[in-house]
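Order of listing sets the numbers, starting from 1, for every ligand and every atom in it.
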Amino acid sequence: MNDVRYSVDDAVATITLDRPEAMNALTTRMKAELLEALTMASQAYAVRAVLLTGTDRAFCAGQDLNEHAANLEAGLGLNGTVRTHYNPIVMAIAEMGKPVVAAVNGVAAGAGAALAFACDLRIASDRAKFAMAFSGIGLAPDSGASWTLQRLVGRARATDLLLLGEPFDAARALELGIVSKVVPASELAAEARALAVRLAQGPTSAYAATKHALEFAASSSLADALVLEADLQDTCAKTADHLNATHAFLDKKRPVFEGR
Ligand code: T3D
């Protein structure tokens, strides 16, 4: 991989968008590499949490507009990238049976912001900035932003942010509930890593079930959500992690989760 870095340590797969000269804006190659990295993280048994971040002063500036303009001029339109790249990337994050943490180190714009929204948890540097840049270039939201943002902040605020496209800083993102924590820039990498390691030491199957339940319940009736919860709970109840943690509680010990 050239523009995306992938490494695994302490059961955490760290995926770093690494094209700082263009604020980690997404080219076709980079999107293919990001999808490859997410697929590797998803399939690796040894990986139990994922950390997504960017190099230098940006998290991700969204679609690379130089490549985009070249496609438009060549009469290729979007060249199929929403269906071929963005949608599978977002689904890979959503369907990852492991928690995904976004460490938003700087600007997150357009599809870059949507990538952060697709993650399970977001922790931001005090230098982070979000820009729903789609309307600014005459596009509608993609990469799931129409789905995720209104679930994070409510429909009225999502409409405001997406139609007006006003950038907002990390403090505002915290107020809106988009990020769960804002830390000084110098502390972001360590804080985000500590969070990811904590999740990697958790009950991986229960986390996968929790993600599944939340996603399903977001667009289903209470009755249907209850049915799925019962099924997922049956699955969790059969895991060694559940049995061991139950005994650990009764023995007044700290549970050790092995992810199985
Ligand atoms: O195929 C499709 O397009 C469909 C999919 C679309 C999904 C999308 O993501 S649409 C939204 C695309 N992204 C944007 O519209 C964001 C454009 N960038 C900005 O609004 C601003 O650059 C930022 C808010 C991200 C950062 O502002 P600022 O003031 O901190 O930095 P800057 O000076 O504007 O940018 C720094 C450099 O990064 C600059 O290059 P230079 O002049 O130093 O050579 C700038 O051109 C470059 N850059 C920033 N964003 C992009 C980019 N280069 C290519 N593509 C970008 N998206």
Side-chain angles (χ1 to χ4, degrees), residues 2-4 15-35 37-38 52-94 102-119 122 124-150 152-153 158-174 176 178-179 182 185 188:
N2 289 291
D3 296 328
V4 172
I15 299 174
T16 307
L17 304 172
D18 189 21
R19 215 174 141 248
E21 68 280 9
M23 303 195 91
N24 302 321
L26 297 159
T27 57
T28 299
R29 180 170 80 179
M30 202 164 165
K31 286 175 272 189
E33 289 180 4
L34 175 56
L35 185 56
L38 289 165
L52 178 63
T53 193
T55 299
D56 209 4
R57 74 181 185 98
F59 175 74
C60 174
Q63 169 65 35
D64 184 285
L65 293 179
N66 294 309
E67 186 181 86
H68 176 71
N71 283 336
L72 291 181
E73 276 152 31
L76 297 172
L78 305 182
N79 203 20
T81 195
V82 175
R83 291 180 185 82
T84 308
H85 302 112
Y86 288 113
N87 291 356
I89 286 168
V90 169
M91 288 311 293
I93 296 172
V104 186
N105 53 300
V107 177
L115 279 184
F117 300 162
C119 294
R122 285 153 295 281
S125 142
D126 56 4
R127 293 194 196 141
K129 189 167 88 172
F130 293 84
M132 302 316 302
F134 302 101
S135 63
I137 55 165
L139 289 178
D142 64 23
S143 307
S146 64
W147 198 93
T148 50
L149 186 57
Q150 65 173 310
L152 289 169
V153 303
T159 305
D160 182 310
L161 295 171
L162 286 165
L163 290 185
L164 302 179
E166 297 290 344
F168 52 99
D169 63 13
R172 181 66 180 143
L174 186 63
L176 288 169
I178 289 176
V179 299
V182 177
L188 179 70

Could you list the donor-acceptor pairs under 3.5 angstrom formed between side-chain atoms of residues 104-113 and any protein atom two or more places apart in sequence or on another chain?
residue, atom, partner, partner atom, Å
Asn105, OD1, Thr53, OG1, 3.4
Asn105, OD1, Gly54, N, 3.1
Asn105, ND2, Gly54, O, 2.9
Asn105, ND2, Asp56, O, 3.1
Asn105, ND2, Ala58, O, 2.9

Donor-acceptor contacts under 3.5 Å from residues 127-142 side chains, at least two apart:
residue, atom, partner, partner atom, Å
Ser135, OG, Leu162, O, 3.3
Ser135, OG, Leu163, O, 3.3

What are the two closest non-hydrogen atoms of Val182 and Asp126, and how far apart are they?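 That closest heavy-atom pairing would be CG1-CA, 3.7 Å.
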Between Ala118 and Thr148, what is the shortest heavy-atom contact and its length?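 In terms of heavy atoms, the two residues are closest at CA-CG2, 4.2 Å.
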Full working for side chain to side chain donor-acceptor pair (under 3.5 Å) between Thr81 and Gln63: CA-CA 10 Å; Thr81 195; Gln63 169 65 35; 4.6 Å; no
Quick one: ligand 1 N/O to protein N/O pairs below 3.5 Å?
residue, atom, partner, partner atom, Å
ligand 1, 1 (O), His68, ND1, 3.3
ligand 1, 3 (O), His68, ND1, 2.8
ligand 1, 9 (O), Gln63, N, 2.9
ligand 1, 9 (O), Ala111, N, 2.8
ligand 1, 13 (N), Ala61, O, 3.0
ligand 1, 30 (O), Arg57, NH1, 3.1
ligand 1, 31 (O), Arg57, NH2, 3.2
ligand 1, 55 (N), Leu65, N, 2.9
ligand 1, 57 (N), Ala61, O, 3.1
ligand 1, 57 (N), Gln63, O, 2.8

Quick one: which residue pairs count as a salt bridge (Lys or Arg N to Asp or Glu O under 4.0 Å) with a foot in residues 69-84, not counting sequence neighbours?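 Every pair satisfying salt bridge (Lys or Arg N to Asp or Glu O under 4.0 Å) with a residue in residues 69-84: there are none.
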